[in-house]
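Read through the structure below, which is laid out as structure tokens, and then see the notes.
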Amino acid sequence: MLSSYGQTEICYDDVGQGEPIVFLHGFPHNRTLWNAQLAALQGEARCIAPDLRGFGGSRGAPPYSMDQYADDVAALLAALGIGPAVICGLSMGGYVAMAFWRRHRARVQGLVLMDTRAGSDPPEGRARRDEMIALARERGSAAVADAMITGMVGKRTREKCPEVVDEVHRMLASAPVEGVIGGLQALRDRPDSTATLGTIDVPALIVVGSDDVLTPPSEAALMHAAIRGSTLEIIADAGHVANVERPAAVNHVLAEFLGKVRRSRGREGGRTR
Ligand code: MLT
């Protein structure tokens with residue numbers, strides 16, 4: 001489906017019924033990252049998965065930023081008439097989820113931060129983003145996919161599930177090059193969200209693959225310590241795209257979390273925020 005505002009077009013999937021959950025993909029992914037979650041969870045929740053601007057079928061003028069991605073998601077939810085939702089973001093989607101919390105918290109009834117981190121890029125990380133931008137300009141998205149694929153999936157997945165590695169590589173390589181460049185600029189310039197964590201007062205779930213080398217379990221532990229009452233789930237034998245590598249395990253922890261959010265909302269007596 002397609003939602004437009006101004007010059008911006010956001011493609012999204014919207015399946016199932018019940019409390020809404022919004023799935024935000026990472027870099028340079030698209031909404032198909034969440035196919036297994038939409039298939040499994042649509043029986044118990046309304047699952048909305050947008051392509052962030054510049055990725056998949058979504059278009060919007062640069063410059064891109066985490067705030068801009070978050071505002072696009074808020075505009076989509078407003079267009080769909082959706083009130084507070086669970087916001088679930090993986091990696092860059094997690095950075096967007098934290099921006100969404102800062103800018104649109106009345107629209108959040110729970111947060112899932114998956115394979116992500118709160119900190120911004122150190123100087124050497126910013127320099128690597130610039131190198132990747134040059135690579136994308138000169139050799140396109142397939143070269144970026146080649147450079148990223150080893151860190152993107154875990155060791156066990158690379159050894160035992162080559163078809164999963166190929167599927168993830170195809171997704172990265174198919175990203176529009178303008179979206180890749182805009183995304184890298186947004187990643188390079190994103191703010192530090194560490195101080196944001198202490199302000200989160202809705203149910204929060206942190207998920208990380210045990211073998212994630214891009215945003216390792218140590219980062220998840222820091223977020224868990226900083227978010228009061230949060231739950232930490234470590235997915236064994238999964239890397240950076242834990243939801244693709246171990247979908248059943250991730251679906252299970254998401255279903256449990258959705259039940260927890262429903263119960264906490266019940267205790268609030270349906271209070272609207
Ligand atoms: C992602 O998966 O979104 C990226 O690896 C995030 C990052 O590079 O910081």
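Excluded from the calculations below are hydrogen atoms, water molecules and symmetry mates; all remaining heavy atoms, backbone and side chain alike, are included. Each ligand, and each atom within it, is numbered from 1 in the order the structure gives. Just so we're clear, the structure is a prediction, and the values are computed from it rather than from any experiment.
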Q: Would you kindly specify which portion of H240 sits under 4.0 Å from ligand 1, judged on non-hydrogen atoms: side chain, backbone, both or neither?
A: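 For H240, only side-chain atoms sit under 4.0 Å from ligand 1.
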
Q. Would you call the rings of F23 and W34 parallel, tilted or perpendicular if under 30° counts as parallel and over 60° as perpendicular?
A.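 Ring orientation, 0 to 90° scale: tilted.
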
Q.
Can you tell me how the ring of F55 sits relative to the ring of F27, calling it parallel under 30°, perpendicular over 60° and tilted otherwise?
A.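 Perpendicular.
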
(Q) Polar contacts were defined as any N/O atom of the residue lying under 3.5 Å from an N/O atom of the ligand; does this apply to L214 and ligand 1? (A)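 N/O-N/O distance under 3.5 Å: no.
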
Q. What do you reckon, does Y95 have a nitrogen or oxygen under 3.5 Å from a nitrogen or oxygen of ligand 1?
A.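 So ligand 1 has an N or O lying under 3.5 Å from an N or O of Y95.
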
Q: Go through ligand 1 atom by atom and flag the ones less than 4.0 Å from a non-hydrogen atom of G26.
A: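 Near G26, the atoms of ligand 1 are 3 (O).
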
Q.
Can you name the atoms of ligand 1, numbered from 1 with element, that are less than 4.0 Å from a heavy atom of M92?
A.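 The list of qualifying atoms is 1 (C), 3 (O).
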
(Q) Starting from I200, can I reach L222 by hopping between I/L/V/M/F/W/Y residues whose side chains sit under 4.5 Å apart? (A)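 No; I200 is not reachable from L222 via cluster members.
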
Q. Is it true that R129 lies under 4.0 Å from ligand 1, counting heavy atoms only?
A.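 Yes, R129 has a heavy atom closer than 4.0 Å to ligand 1.
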
(Q) Give me the residue, atom name and distance of the protein heavy atom closest to atom 4 (C) of ligand 1. (A)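 Residue, atom and distance for the closest contact: S91 OG, 3.3 Å.
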
Q. Which residue owns the protein heavy atom closest to atom 3 (O) of ligand 1, what's the atom, and how far is it?
A.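 Sorting protein heavy atoms by distance from atom 3 (O) of ligand 1 puts F27 N, 2.7 Å first.
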
Q: Give the intermediate values and the outcome of salt bridge (Lys or Arg N to Asp or Glu O under 4.0 Å) for residues D121 and R190.
A: CA-CA 8 Å; D121 280 1; R190 75 183 189 281; 2.7 Å; yes

Q.
Would you compute the distance between atom CD of Q68 and atom OG1 of T8 and round it to the nearest 0.5 angstrom?
A.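 Separation between the atoms: 6.5 Å.
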
Q.
Just verifying a value: how many Å separate C11 SG and L52 CG, rounded to the nearest 0.5 Å?
A.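 Atom-to-atom, C11:SG and L52:CG are 12.0 Å apart.
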
